[in-house]
Amino acid sequence: MKALTILCASLALAAGLFAADKVKEGSCCDKAQKAGKDCAHPCCVKAKAEGKVCEKCNK
């Protein structure tokens with residue numbers, strides 16, 4: 001059971017790091033991350049729920 005928990009946590013961390021790579025420097029998402037928050041724009045919230053980064057704001 002511990003191994004499964006560790007595996008799930010590792011995958012979640014890896015997904016977060018992968019998504020962070022797509023955030024464009026200076027975008028609203030970048031500014032929110034640097035402030036330790038999530039971007040509150042509706043398009044960004046929707047993209048995050050889908051496990052993605054908003055393409056509109058991070059071109």
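For reference, positions follow the sequence shown, starting with 1. Keep in mind the model is a prediction, meaning the values are calculated, not measured. In what follows, every heavy atom counts, from backbone to side chain, and hydrogens, waters and symmetry copies are set aside.
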In residues 35-46, what donor-acceptor pairs under 3.5 Å come from side-chain atoms, sequence neighbours left out?
residue: D38; atom: OD1; partner: K48; partner atom: NZ; Å: 2.8
residue: D38; atom: OD2; partner: K48; partner atom: NZ; Å: 2.9

My understanding is that only residues two or more places apart in sequence, or in another chain, count here; which of them pass salt bridge (Lys or Arg N to Asp or Glu O under 4.0 Å) with E25?
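E25 satisfies salt bridge (Lys or Arg N to Asp or Glu O under 4.0 Å) with K34 only.
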Closest approach of [X] and [Y], non-hydrogen atoms and distance?
X	Y	answer
K24	N58	N-OD1, 3.0 Å
D30	V23	N-CG1, 3.4 Å
C57	C54	N-SG, 3.5 Å

Measure the spacing between OG of S27 and CD of Q33 and express it to the nearest 0.5 Å.
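Rounded to the nearest 0.5 Å, the OG-CD separation comes out at 7.5 Å.
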State whether the number of non-hydrogen atoms from other residues, nucleotides or ligands found under 6.0 Å of E55 atom CD is greater than 12.
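At most 12 heavy atoms, drawn from other residues, nucleotides or ligands, come within 6.0 Å of this atom.
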